[in-house]
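Naming convention: chains lettered A, B, ... in sequence-line order (proteins, then strands); numbering from 1 in each chain.
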There are 2 protein chains.
Amino acid sequence: MTQTATPTRAPVNAADVRWLTPAQQTHWRAYRDGTALLMDVLARELDEDTALSLAEYEVLVRLSEAPGRTLRMSELAGELAHSRSRLTHTIRRMEEAGLVQRNPCALDARGVNCTMTDLGLQRIVEAAPSHVNAVRTHLIDVLTDDQLRALGTAMGIVAHALRES
Amino acid sequence: MTQTATPTRAPVNAADVRWLTPAQQTHWRAYRDGTALLMDVLARELDEDTALSLAEYEVLVRLSEAPGRTLRMSELAGELAHSRSRLTHTIRRMEEAGLVQRNPCALDARGVNCTMTDLGLQRIVEAAPSHVNAVRTHLIDVLTDDQLRALGTAMGIVAHALRES
DNA sequence: CCACTGTAGTAGAAATGTCAACTACAGGCG
DNA sequence: CGCCTGTAGTTGACATTTCTACTACAGTGG
């Protein structure tokens, strides 16, 4: 099912809405508020400790795991769930900072390969301990194994459903 | 325990890091990716359907639930987990659009009360069905009750831990 | 009363993200 | 081939968020 020209969903009249139950409200808000607080503290601590933004850090993580420390721009955008435009801007800044390098893609003349430089590798090796520690402190260590597993499972389902459409 | 002047955490040497187990990695990434995708689609659909940003929508929700449809700026910022500066800018734009109004606070001359206008109320009444529907479609309806409860519980714990510090 | 420290809110500049074109190439099909 | 549609990536204008510094008032303790 592809999008129609105007991707507007059918307007929902107030009478038809299935409002959230109080319990659903509570859980949705806990998720929303917890996520806002968590992402905020992770971004702040990463920036203070390493002068990297969360977006830059995640770019480097994905590249560090890719064969040849290289990924196509679109693959990177897909994995990060960032818009192509956003990624272009981020990568341009990172390239100016010497963390990555861009090269035309041999197989597909439209494509651009993005490669992590040695400096980029160095930066993420330095940054990883601090960030892992922050994730541990604020997320992993405050939850039981079961709670973390449930969290991952639930959001995995959500992510999968969204990637379908 | 108060913060020291330089709130920098002790640097973490690579040797001391407790890296995440593969399972922890997986769950953390599922959470992170799912959240990015979910927030993105919710923001996009809300904007398309109602021309409100998620931030504006949430301001209106909090105000609509407050006595007198009024909250202090700092209370609003605290509930939304937004910085005071960010809130000031958001509210200024919303005030220009006629959705809220600011008045000095009688009890505390430093304070500012933020009140939702009738137009603001009207806008959120119109917007709510669409947004609830989107939350349902992309989050609530793809999870079982147990999964949603587990998600809310886990993130509630995370939020609580962060609000302590 | 006065100094001191902390809280509330704001403002402008800089950084970052979004949106809407736009170029260029790929792949299918007459 | 030549046309058409779709994908990859970029760009610049615009909107939002962050950072930092600032003003003003509250509350505490001498």
Does CG in Asn103(B) sit with more than 12 non-hydrogen atoms of other residues, nucleotides or ligands closer than 6.0 Å? yes
OP1 or OP2 of dG6(C) versus the side-chain N and O atoms of Arg110(B): is any pair under 4.0 Å? no
Arg102(B) (side chain) donor-acceptor with Glu95(B) (main chain) under 3.5 angstrom: no
Tell me if the CG atom of Asp145(A) is crowded by more than 12 foreign heavy atoms within 6.0 Å. no
For the atom pair OG (Ser83(B)) and CZ (Arg44(A)), what is the distance rounded to the nearest 0.5 Å? 8.0 Å
Whole angstrom value for the distance that separates P of dC25(C) from CG of Leu107(A): 16 Å
d(CD, Glu48(B); C1', dT18(C)) in whole Å: 13 Å
Identify the heavy atoms of Asn113(A) and Cys105(A) that sit nearest to each other, and give their distance. ND2-CA, 3.7 Å
Tell me if a side-chain donor or acceptor on Gln147(B) pairs with a main-chain N or O of Thr144(B) at a distance below 3.5 Å. yes
Distance, nearest 0.5 Å, that separates CG of Leu63(A) from SG of Cys114(A): 5.0 Å
Which pair of non-hydrogen atoms, one from Ser130(A) and one from Asp49(A), has the smallest distance, and what is that distance? OG-OD2, 2.8 Å
Can you give me the bend angle of the helix from dC1(C)-dG30(D) to dG30(C)-dC1(D)? Use the axis through the first five pairs and the one through the last five, nearest 10 degrees. 10°
Please find the pair of heavy atoms, one from Leu87(B) and one from Met73(B), that lie closest to each other, and give the distance. CD2-O, 3.1 Å
Donor-acceptor pair, Thr117(A) side chain versus Leu99(A) backbone, under 3.5 Å? yes
For a 4.0 angstrom threshold against heavy atoms of chain B, report the outermost contacting nucleotides of DNA chain D in 5' to 3' order. dT16(D) to dA26(D)
Would you jot down, in residue-number order, the residues of residues 82-103 of chain B having a non-hydrogen atom under 4.0 Å from DNA chain C? Arg84(B), Ser85(B), Thr88(B), His89(B), Arg102(B)
Distance check needed: dA15(C) C1' versus Asp47(A) CG, whole Å only. 11 Å
With a 3.5 Å cut-off and sequence neighbours excluded, list the donor-acceptor pairs that the side chains of residues 30-38 of chain A form with protein atoms.
unit_1   : atom_1 : unit_2   : atom_2 : d
Tyr31(A) : OH     : Thr35(B) : OG1    : 2.7
Arg32(A) : NE     : Glu58(B) : OE1    : 3.1
Arg32(A) : NE     : Glu58(B) : OE2    : 3.1
Arg32(A) : NH1    : Leu80(B) : O      : 3.4
Arg32(A) : NH2    : Glu58(B) : OE1    : 3.0
Arg32(A) : NH2    : Leu80(B) : O      : 3.1
Asp33(A) : OD1    : Arg62(B) : NH2    : 3.3
Thr35(A) : OG1    : Tyr31(A) : O      : 2.8
Thr35(A) : OG1    : Tyr31(B) : OH     : 2.7

Does anything in residues 30-40 of chain B come within less than 4.0 Å of DNA chain C? Heavy atoms only, and list the residues if so. none
Got a sec, which residues hit side chain to side chain donor-acceptor pair (under 3.5 Å) with His138(B), two or more places apart in sequence or on another chain? Glu45(B)
Arg44(A) or Val112(A), whichever maps to the more 5' nucleotide of DNA chain D: Val112(A)
Decide whether Arg86(B) and His89(B) meet the rule of one side-chain donor and one side-chain acceptor closer than 3.5 Å. no
